[in-house]
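Contents: one structure, followed by commentary.
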Amino acid sequence: MDMDIYDIIDNIYKLDETVPVLKAVPFGLQHILAMFVANIAPILKVGGASGLSDKNIASLIQSAMLIAGIGTLIQLFPIFRKIGSGLPIVMGISFTFVSVLCFIGAKYGYGTIMGAVLVGGIIEGTLGL
């Protein structure tokens, strides 16, 4: 009896097929909740280390969620077929620089963080192009 592994496993979806709505909705909600926490946690850490008020931290969270949504839409629906992948990639905040930004924020303040992020973003964007 010659059986393939794919005959044994009943996958939720297969290549080039759509996932049924009743199964897609819980997976989508799980993904949104995981992304939501990953976008908020770095802001809470850096904002707390920098001594920001709750109002400023709330404003940063709102801004981050808005920009993450715009970035995700650009990934999903490419601009001029050059900017964006056309794939459902969720964009968000990176934990890469949290420790450095906590140090800078505690020592020099939040304004210095914003200056460093702007300069670093310009350099990274230029090198990326």
Side-chain angles (χ1 to χ4, degrees):
M1 193 159 132
D2 190 26
M3 290 186 84
D4 192 1
I5 188 73
Y6 298 108
D7 295 331
I8 299 170
I9 299 173
D10 186 27
N11 290 330
I12 295 171
Y13 58 90
K14 294 177 178 41
L15 187 62
D16 296 330
E17 290 186 16
T18 58
V19 180
V21 174
L22 290 177
K23 292 184 179 182
V25 169
F27 290 140
L29 289 174
Q30 176 190 12
H31 193 77
I32 287 170
L33 291 174
M35 184 269 316
F36 193 76
V37 170
N39 271 345
I40 292 175
I43 294 171
L44 293 176
K45 288 184 176 287
V46 173
S50 301
L52 293 179
S53 67
D54 291 342
K55 183 179 178 182
N56 288 338
I57 291 175
S59 178
L60 285 173
I61 290 171
Q62 291 173 354
S63 299
M65 296 306 285
L66 177 67
I67 296 301
I70 291 170
T72 300
L73 288 174
I74 290 172
Q75 285 291 353
L76 189 57
F77 306 108
I79 300 172
F80 306 119
R81 296 183 182 173
K82 293 187 179 208
I83 301 173
S85 66
L87 299 171
I89 297 173
V90 176
M91 303 300 290
I93 296 174
S94 173
F95 279 83
T96 306
F97 302 106
V98 167
S99 60
V100 173
L101 294 180
C102 285
F103 173 77
I104 291 172
K107 188 161 183 154
Y108 300 107
Y110 190 73
T112 306
I113 289 175
M114 292 308 297
V117 168
L118 286 172
V119 171
I122 290 169
I123 292 170
E124 184 177 358
T126 303
L127 292 175
L129 292 173

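Everything quoted here is computed from the prediction, not taken from an experiment. Atoms considered below: every heavy atom in the structure, side chains included; atoms not considered: hydrogens, waters and symmetry mates.
With hydrogens and angles ignored, the 3.5 Å screen pairs no side-chain donor or acceptor of Ser59 with any backbone N or O of Lys55.
Nearest approach of Ser85 to Pro78, heavy atoms of both residues: C-CG, 4.1 Å. Residue Met91 comes nearest to Thr72 through the heavy atom pair N-OG1, 3.0 Å, listed as atom of the first residue, atom of the second, then distance. Nearest approach of Ile57 to Gly47, heavy atoms of both residues: CD1-C, 4.0 Å. In terms of heavy atoms, Gly105 sits closest to Ile113 at CA-CD1, 3.5 Å.
Clustering ILVMFWY residues whenever any of their side-chain heavy atoms sit less than 4.5 angstrom apart, transitively, puts Ile79 in the very cluster that holds Ile70. Under the 4.5 Å side-chain heavy-atom criterion for Ile, Leu, Val, Met, Phe, Trp and Tyr, Phe77 and Val90 are members of distinct hydrophobic clusters. In this structure, Val46 is a member of the same hydrophobic cluster as Met65, with clusters built from ILVMFWY side-chain heavy atoms closer than 4.5 Å. Both Val21 and Leu29 are assigned to one and the same hydrophobic cluster, defined by single-linkage of ILVMFWY side chains at heavy-atom distances under 4.5 Å. Note on Leu66 and Ile74: same hydrophobic cluster, where clusters join Ile, Leu, Val, Met, Phe, Trp and Tyr whose side-chain heavy atoms are under 4.5 Å apart, directly or indirectly.
Using a 4.5 Å heavy-atom threshold, the side chains of Leu87 and Gln75 count as separate. Ile89 is not listed as a side-chain neighbour of Leu76, based on a closest heavy-atom distance of 4.5 Å or more.
Separation of atoms OG1 (Thr112) and CG (Leu101) is listed at 11.0 Å; rounding is to 0.5 Å. The distance from the CG atom of Leu44 to the CG atom of Leu60 is 10.0 Å, given to the nearest 0.5 Å. Considering CG of Asn39 and CD1 of Ile67, their distance stands at 11.0 Å, rounded to 0.5 Å. To the nearest 0.5 Å, the span separating CE on Met35 from CD1 on Ile93 amounts to 10.0 Å. Note that the CD1 atom of Ile43 and the OG atom of Ser50 stand 11.5 Å from one another [nearest 0.5 Å].
Other residues, nucleotides and ligands contribute over 12 non-hydrogen atoms within 6.0 Å of the CZ atom of Phe95. By the neighbour-count criterion of 12 heavy atoms within 6.0 Å, atom CG of Leu22 is sparsely surrounded, having that number or fewer from other residues, nucleotides or ligands.
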